[in-house]
Amino acid sequence: MTTAQDNDAGDGGGPFTHWVKSAIDNPGKVHRAMFYVALIFFMFTTLFPIYWLVVLALTPNDLIVNMGPIPRGFNISVFVEMWNTVPLHLYMFNSFVIAIATTVYVLLVSSLAGYAFGRLEFRGKGGLLLLLLIISFFPPAAFILPLFKLFTGNVVLFGLHSPDLFNTVGAIIVPFSGLFLPLSVFILTTFYSQIPDGLEDAARVEGTTRIGALFRVIMPLSAPGLSTAGILTFIAVYNEFFFSFLMTTGQPENGAPLVWGILAFQSQYTSLYNYMAAASLIGILPVALIVVVAQEKIVSGLTAGAVKE
Amino acid sequence: IGGGSGDKPEKASSDQTVVRQYAGVGANESPGIKDQLREALWSAGLSEDIYVEIVDGPSTTDQLLNQYRTWLSAGREEPDIFTMDSGWTIPFIQRGQVQSLEELLDSNTVSTVKNDFFEASVASASAPDGTLYGVPEFPDFPTIQYRKDLVEDAGYDTEGWQTEPMSWTRFAEITADVKAQNDIQYGYTFQADSYGGLACCDFNEWMTTWGGAYFGGTENLFGPVNERPITVNEGGAVDAIKMVRSFIHGEDDKYGMDIPGNIAPAATLGWTEETSRKPFTNGNAVMHRNWPYSIAINGAEEELGEKLGVMPLPYGVKESEAEYTGTGGTASALGGWNSVVNPNSQKKDAVVEVLKAKMSKEFTLWQFETLGLLPPKPEVFNSDEARNVDVMGRYMDALQTAGSNAIPRPVTTAWPDQSGAIASAVNKALQKGSSESPQQAMDKLASKLKEIEEQSV
Amino acid sequence: MGNVKLEHVTKQYDDVTAVNEMSLDIQDGEFVCLVGPSGCGKSTTMETIAGLTLPTEGEITIAGKDVTNLPPKDRGIAMVFQNIALFPHMDVYDNVSFGLRLRNFEKEEIDRRVERAADILQIGGLLDRKPSELSGGQRQRVAIGRAIVREPEAFLMDEPLANLDAKLRVHMRTELQRLHKELETTIIYVTHDQAEAMTMSDRIAVLNEGQLQQIAPPLTCYNEPANLFVAGFIGSPSMNFLEGEVTPNGFESEFVSVDFDPTEFDVSVGDSVTLGVRPEDVHLSDAAENIAHPTKPVDTTTDVIEPMGNEIFVYLTHGGRETTTMDEEQRKGDQLLMSVDPDLELSEEEDVTVLFDRANLHLFDQQSGDALCHSLVSSLTTKTSDQRATSEN
Amino acid sequence: MGNVKLEHVTKQYDDVTAVNEMSLDIQDGEFVCLVGPSGCGKSTTMETIAGLTLPTEGEITIAGKDVTNLPPKDRGIAMVFQNIALFPHMDVYDNVSFGLRLRNFEKEEIDRRVERAADILQIGGLLDRKPSELSGGQRQRVAIGRAIVREPEAFLMDEPLANLDAKLRVHMRTELQRLHKELETTIIYVTHDQAEAMTMSDRIAVLNEGQLQQIAPPLTCYNEPANLFVAGFIGSPSMNFLEGEVTPNGFESEFVSVDFDPTEFDVSVGDSVTLGVRPEDVHLSDAAENIAHPTKPVDTTTDVIEPMGNEIFVYLTHGGRETTTMDEEQRKGDQLLMSVDPDLELSEEEDVTVLFDRANLHLFDQQSGDALCHSLVSSLTTKTSDQRATSEN
Amino acid sequence: MATENKQSNGFPRPDYAIANKLEGLPEELYAYLLLVPAFFMVGAVALWPLVDTFTMSLHADALTGVAVGDFIGIQNYVDVLTGQRNAVLPGSFWYAVGLTVVFTVVSVTLETVVGLAQALILDQEFRGRAWVRMAIILPWAVPVVVQGMMFYLLFEPSIGFLVAPLQELGIFSSTPLSNTQDSLILITLTDAWKTSAFMALIILAGMQSIDRSLYDVSRVAGATAWQRFKMITFPLVLPAVLVGMLFRTLGALKVYGVIEVLSGCRTVPSMTCLVISAFRSNRYGTSATLAFLTALIISVFILVYLVKFVDSLRGIGGSA
Ligand SMILES: Nc1ncnc2c1ncn2[C@@H]1O[C@H](COP(=O)(O)OP(=O)(O)OP(=O)(O)O)[C@@H](O)[C@H]1O
Ligand SMILES: Nc1ncnc2c1ncn2[C@@H]1O[C@H](COP(=O)(O)OP(=O)(O)OP(=O)(O)O)[C@@H](O)[C@H]1O
Ligand SMILES: [Mg+2]
Ligand SMILES: [Mg+2]
């Protein structure tokens with residue numbers, strides 16, 4: 001009696017179409033197996049270069065030549081020795097401070113903007129979104145000179161000197177807050193706009209302000225988006241080098257971040273690749289931990305059971 | 001894990017004047033070395049009221065250049081002393097962003113610099129009109145390092161190699177022979193990646209030894225831009241390309257020259273200093289062209305030690321046969337660093353004292369002994385003290401030969417662009433599949449250099 | 001203080017006028033039901049009162065204060081949403097106490113109120129569950145709880161009992177009424193359940209296509225519907241409509257004729273009118289001894305018979321037309337629905353004679369749909385026989 | 001082929017047994033309503049049938065095939081979800097045609113079916129709206145449309161009409177029944193509306209706390225409830241329960257006594273039993289001439305009077321107890337609800353005498369709640385007088 | 001009777017007070033107000049510098065001066081667009097534009113596909129998912145300099161072991177990092193390695209935000225996994241995908257870091273390479289002009305995205 005023809009094959013498409021289709025289509029064991037093949041493939045491609053970094057760290061610097069895929073030698077002591085030259089922990093601490101301050105600030109400000117863009121109707125929305133991005137259109141080199149002047153107190157506006165942030169963490173936090181804001185605004189705009197209106201309505205009727213609803217309802221329910229914006233901003237800032245290398249003279253006490261520490265193993269001609277690799281690995285570790293913690297928030301079904309519609 | 005900064009947190013006391021030197025001698029060294037450096041300056045006559053703080057700079061010269069450009073454009077007061085690569089000091093001078101030393105130092109000191117320091121180094125720190133803007137900290141000139149043990153086993157006598165440059169043909173023969181005899185992976189390793197080093201140095205050297213030049217004689221090195229001849233498409237330069245093509249692709253190469261070939265791997269076209277050094281250090285090459293820093297590494301006991309030999313670069317044509325002044329014979333590109341003064345510094349008096357101390361024989365010897373940085377004055381260079389220095393001391397003759405045949409790069413306002421154009425043109429001309437003959441490639445390069453000259457006045 | 005007043009409120013969406021020139025004046029402490037077909041603008045009206053959408057035109061006053069441009073939180077209202085809208089990241093306790101926590105109530109006071117609401121709503125055991133772990137009805141009750149723990153100027157409830165079973169619904173009705181009495185708070189209530197609207201409200205507001213049709217006490221709406229729409233909408237199953245004409249003798253249609261003197265009513269001979277009669281006012285002629293003003297009997301045939309337990313719906317056709325449907329739409333004209341006692345024994349395709357009580361007949365203008373009169377008993381005798389219609393007002 | 005069979009299906013959540021050992025055997029083409037109080041496991045049962053949750057235990061067969069472990073798409077079912085769940089990014093047309101597009105139907109066929117569904121659902125004008133631009137009832141209709149355009153083995157509908165107004169609901173009922181007849185598809189239907197359950201279903205399954213209480217044709221459930229729970233749940237307002245004891249003379253409680261011969265029924269003297277009588281089976285003694293087996297009259301006082309339009313609910317108390325509530329819970333024991341004709345004139349606090357028809361009285365075991373008998377007319381005469389209860393089976 | 005408004009014990013918090021004040025504003029004004037902090041920040045970082053840079057672009061290069069030379073109007077733009085400045089750039093302007101666009105299209109496509117596939121994998125339930133997720137994000141945590149170092153050493157002929165086999169297969173030349181075509185491929189792969197994680201993370205978050213009951217509905221409606229992806233997942237994550245693509249496109253059009261570390265600007269002259277190399281030769285006017293031209297080209301790309309993005313938001317839920 002049923003006329004519904006089952007058509008598992010779906011409609012055709014290019015090779016990619018077929019590929020994705022099969023990668024996610026796992027009704028049976030065959031597909032499960034394909035899923036694991038894809039999983040292993042991606043694990044291999046993403047982790048292999050990291051493994052290569054480990055190989056580089058473990059191989060004594062002068063043996064880094066004609067390498068094979070396994071370490072030549074097993075010089076685990078680099079992880080200790082490198083501290084003799086470079087106080088990596090201090091650089092990491094700076095990076096942490098910078099990254100956390102920037103991330104918190106960016107999330108806060110972009111939440112307000114994301115709310116406005118994602119949930120309110122106003123004229124000029126598209127234009128303002130474009131304007132927000134405008135700075136991202138320019139290669140940083142294009143405005144580095146004026147920006148440097150601005151943040152070293154060389155610009156006078158209405159009789160006020162711009163702040164001199166040279167050799168402070170602020171010199172990275174401030175411009176990076178500006179540069180990374182657009183990404184977060186866009187991510188949060190997307191996520192905030194998807195929270196059912198009904199929930200905000202309910203919160204507002206219960207007596208919150210719109211801002212209150214943003215913090216109490218919309219943000220918790222956008223946890224995946226919020227933590228993604230957070231992770232992306234945090235990591236990008238943690239690894240930032242472009243500004244820090246102009247805005248500081250590079251000492252940990254002057255707010256120089258991690259990459260300075262890694263690059264300290266490089267000099268005019270020589271690069272202590274093994275130390276650099278080891279320092280990178282150490283530097284990545286805390287980020288990995290943060291990511292593990294933050295991505296706990298990337299869970300599905302946060303709005304399940306919320307509205308009937 | 002304590003960290004190196006913990007063991008001696010010596011700081012300037014409140015009544016001392018702190019002079020900050022950015023990068024350069026002593027930078028990126030441990031705090032202990034920095035203390036020694038201060039002691040060395042003090043014992044070289046610097047007032048104990050002056051405390052020199054060495055600030056570590058970024059490791060690569062490009063990054064340093066970017067910082068200086070930004071800082072000096074914004075008129076920062078610190079640091080007081082900038083250490084600048086001899087390859088890009090002049091543009092800062094021309095833009096008036098660094099302090100003229102003739103205004104700062106007494107005339108005596110100025111003439112000491114002009115007369116007693118390596119001439120080419122001084123030129124790299126002076127305006128085209130000869131005004132002095134910087135004090136050379138240390139010079140750099142590449143040499144050929146070789147496996148003395150293998151070469152001698154193969155039956156060659158290396159006596160006199162340090163002072164007597166050989167011809168490229170002989171060099172190629174020996175390399176090919178030793179390589180064959182020892183079944184070693186590489187013969188001659190050098191740097192031919194498409195990067196600044198190829199233009200300023202490796203190619204410049206080959207070209208010069210074949211009697212070629214970018215802009216004619218040495219008198220045109222620093223200008224006047226757009227009014228000097230472009231000579232890169234003449235014989236010497238083309239011969240240089242042909243020679244290196246043979247080295248890499250064999251004597252049968254369609255664009256090669258009649259010289260023993262196949263002594264260099266094609267990989268050199270992607271190599272810079274470190275990548276080319278590694279195989280040599282690891283014993284996989286016979287010959288290697290590099291800066292003195294690598295002599296210190298390779299000559300160390302745990303590496304090649306006494307097996308290392310050093311000689312000046314071979315020549316293509318004799319000096320006498322060369323058309324342009326300062327070409328032909330052996331040649332070594334000049335590198336090195338200069339101290340220049342921040343015109344906005346608030347401590348110029350103290351800076352003067354520091355510069356003087358850094359110029360002293362005592363201090364330059366200290367930096368040679370402790371840090372392996374060559375003395376900037378021939379007098380010190382040739383002194384017995386210098387010869388007694390471990391490792392480097394063994395190769396003073398070769399370094400001396402190289403030093404007295406050093407050719408500076410032609411730094412003008414046009415150079416940053418020209419350098420890039422040269423590097424990529426030469427690298428391309430050396431590629432196996434190059435579609436142009438060396439002559440065509442150099443003609444093209446010449447017209448490009450000309451165009452750049454035109455747009456750089 | 002809690003009076004709610006809408007003046008000429010209009011809400012226009014791109015291409016729809018959801019609410020059209022709505023004026024309502026709801027007294028403090030009144031319980032008003034909004035009813036109307038799906039999509040007629042009930043929820044939109046509620047949202048404009050709550051301040052969740054701004055009306056395109058018109059003014060809204062709550063407790064004597066013009067709130068047209070005030071944000072929801074300053075309007076002193078609590079609302080149960082049609083789409084429930086629980087906070088999915090909070091457990092039931094937190095959902096219910098949300099408004100109280102916002103207002104910094106003491107912990108004990110919150111506990112007390114939540115507990116009480118949970119008792120009323122029978123969700124005591126669910127307080128630490130997340131909304132996703134609740135059944136549909138349980139969610140709805142939590143949503144009610146969130147509103148009733150508060151003490152606002154006015155409650156807005158948009159179909160708060162739609163997902164509850166009959167028994168619970170009756171219970172909730174009682175509780176809401178008790179609450180209403182206790183707090184004396186204005187309640188505006190949307191429901192699709194006629195019984196709810198009838199039993200709970202002081203007045204019913206009937207909406208259609210964004211326009212207010214009638215606002216009156218429940219029995220007035222039932223017995224004296226202002227127009228055809230209200231007559232057809234209120235009452236389930238709905239009123240029978242017979243289209244016809246006013247003749248000098250009364251009303252005449254294809255199917256039935258009713259004798260009355262047109263001059264005594266607000267009609268003139270020749271008018272196209274619709275006669276309305278409720279299913280329970282259709283009587284079998286043999287069981288009609290205690291009808292005061294019987295009309296002439298009509299011969300019909302039973303069609304579908306729907307036993308409902310406590311009553312039986314009988315579909316009567318004029319000429320034994322072959323039909324198997326009980327669709328409302330098709331009842332117009334040639335089908336008549338009668339509701340009879342469950343004890344009555346009737347079978348399909350049986351010929352029966354029915355008659356109406358003239359006291360319970362309605363006449364409507366066919367053009368405008370407006371009601372002309374709600375009883376066809378001569379005005380001289382109306383007072384006594386039409387007593388039912390007014391007994392409750 | 002579309003029969004649906006559940007065998008000992010249990011669904012256990014962390015701390016709740018949502019469905020407990022449920023066995024159901026639904027015939028091909030049957031229309032079964034699931035009813036039960038909120039949270040009793042109706043939706044969970046539907047979900048296990050659909051394959052959206054795997055039962056903790058038990059087996060499910062659809063169309064003769066064991067589908068316990070099959071994914072939903074292979075079960076050949078269409079479902080209307082209680083939480084509606086429209087695709088927010090698709091307009092109404094795309095939502096409705098979703099299942100068809102999945103199966104690569106021809107464009108014309110899709111258009112035809114969508115159009116037809118839109119007609120039935122009266123959403124023809126909304127086809128290009130996004131769900132966010134619809135009213136609650138409109139959304140629900142779209143959700144129904146999404147199911148009915150398909151031709152599955154079985155329809156599962158979870159309160160599909162909850163948000164529709166009475167009139168539309170009646171219309172939809174008819175349409176669903178027509179559809180059912182046309183397609184002869186099995187329909188499993190959750191509803192809280194008694195009228196819906198009564199009129200639409202072939203059988204009603206009554207659930208409580210995850211357990212099946214009774215599955216039987218509607219009137220059987222109404223007239224012969226299997227136990228106290230079903231008796232109280234089916235029928236609105238619900239049955240009056242009077243707790244008492246079996247005496248040699250019949251039934252005796254604080255309030256009423258009913259004479260019968262215990263030996264003729266399945267009870268023994270001294271048993272604690274509950275007497276059940278539906279509100280419409282409580283008669284005023286002066287209007288009781290046509291009752292075949294009247295009981296002894298009981299003196300009562302009217303308390304609250306609730307006029308419903310087509311009937312009046314009268315709350316009677318035993319001793320003129322002061323009470324203002326009409327809560328179901330409190331009716332047990334000393335309050336009696338009577339439903340009377342709307343024409344009847346009664347006022348509050350009036351003394352009235354009522355009596356029951358013994359043919360329509362139910363006795364339940366107080367302990368187990370099981371029904372003992374559904375008529376207290378001696379079995380010799382049962383056949384004729386209890387005819388109502390069986391007339392429809 | 002209405003006792004609700006009296007409870008706030010003690011003083012209101014100032015932030016609450018501000019929020020309360022703003023609450024009454026009309027929606028449009030409110031929106032603008034919420035945007036103030038963001039635009040203040042962006043304005044502070046961008047406004048003055050860009051105006052300054054723009055002014056620079058209207059002035060001649062001054063190779064011996066501190067800043068720029070005479071005001072010459074749009075001459076710089078004319079010169080650059082007509083190729084008259086090509087000699088002093090590492091590559092000709094339009095060549096750089098073409099190369100950058102090719103790189104952008106290929107790398108963004110690759111990253112999106114890989115990111116989407118990774119997100120789809122991470123969206124499944126399986127044991128150890130948290131670790132896999134971390135592993136997939138890991139490349140994003142590698143600083144560009146280190147990333148450059150890793151791949152440089154991998155493809156450097158005397159060090160890495162990948163060159164020889166790839167060369168023998170005829171895929172690469174002996175010095176891939178000095179060969180424009182080879183380098184472009186390597187840079188694309190390197191870039192994809194790092195930034196696929198970025199895409200994957202954004203898309204994953206988008207996927208996880210999809211109301212699971214929509215999947216229930218579609219499963220019951222008979223959708224296969226592929227159909228669910230095509231008809232539910234994809235349209236609903238589209239805004240997230242677009243955000244990811246938008247920012248990757250922005251990044252890719254400005255690609256520089258990897259090129260610098262891996263093969264150098266001469267080999268692969270991207271648009272930003274031109275800007276930076278002009279800047280390095282102290283041609284500030286030319287550099288500023290190139291930057292504005294780059295921005296102009298980028299804005300064309302971005303406009304397309306923005307239109308799509310705003311559109312896609314409108315498609316799903318919310319009020320946007
Ligand atoms: N995910 C869950 N976790 C825990 N308990 C649950 C979950 N889902 C449902 N329940 C519980 O299971 C029981 C049955 O739920 P179900 O949704 O089947 O009820 P229902 O009969 O459909 O009720 P309603 O008429 O209110 O929709 C309820 O008590 C509910 O609280
Ligand atoms: N955002 C919107 N855009 C366009 N039209 C809308 C929007 N919201 C509601 N409507 C339309 O406005 C009308 C009124 O909707 P409303 O929700 O008030 O109806 P309702 O009376 O609550 O109906 P129901 O009983 O079905 O819930 C409907 O026709 C609906 O389609
Ligand atoms: Mg509504
Ligand atoms: Mg349910």
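Below, read A as the first sequence line, B as the second, and so on, with proteins coming before strands; counting in each chain starts at 1.
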So for Leu221(A), is it side chain, backbone, both, or neither that comes closer than 4.5 Å to the heavy atoms of chain C?
side chain
Select one option (side chain, backbone, both, neither) describing which atoms of Ala223(A) are under 4.5 Å from chain C's heavy atoms.
neither
Answer yes or no: does atom OH of Tyr36(A) have more than 12 heavy-atom neighbours from other residues, nucleotides or ligands under 6.0 Å?
yes
Let me have the donor-acceptor pairs involving side chains of residues 37-45 of chain A, under 3.5 Å, with sequence neighbours excluded, atom names and distances please.
residue, atom, partner, partner atom, Å
Thr45(A), OG1, Phe41(A), O, 3.1
Thr45(A), OG1, Phe42(A), O, 3.1

Count the heavy-atom pairs under 4.5 Å between each of Gly212(A), Gly198(A), Ala203(A) and chain C, then report the option with the highest count.
Ala203(A)
Between Ala85(C) and Ala202(A), the two heavy atoms sitting closest are O-CB, 3.8 Å
Geometric donor-acceptor pairs, no angle filter, chain A-chain C, under 3.5 Å:
residue, atom, partner, partner atom, Å
Val205(A), O, Arg150(C), NH1, 3.1
Glu206(A), O, Arg103(C), NH1, 2.7
Glu206(A), O, Arg103(C), NH2, 3.2
Glu206(A), OE1, Gly99(C), N, 3.3
Arg216(A), O, His89(C), NE2, 2.8
Ala306(A), O, Ala85(C), N, 3.2
Ala306(A), O, Leu86(C), N, 2.9
Lys308(A), N, Asn83(C), O, 3.0
Lys308(A), NZ, Asn163(C), OD1, 2.9
Glu309(A), OE1, Asn83(C), ND2, 3.2

How close do Phe81(C) and Val205(A) get, counting heavy atoms only, and between which atoms?
CZ-CG2, 3.9 Å
Between Ile84(C), Leu134(C), Leu52(C), which shows the greatest number of heavy-atom pairs under 4.5 Å with chain A?
Leu52(C)
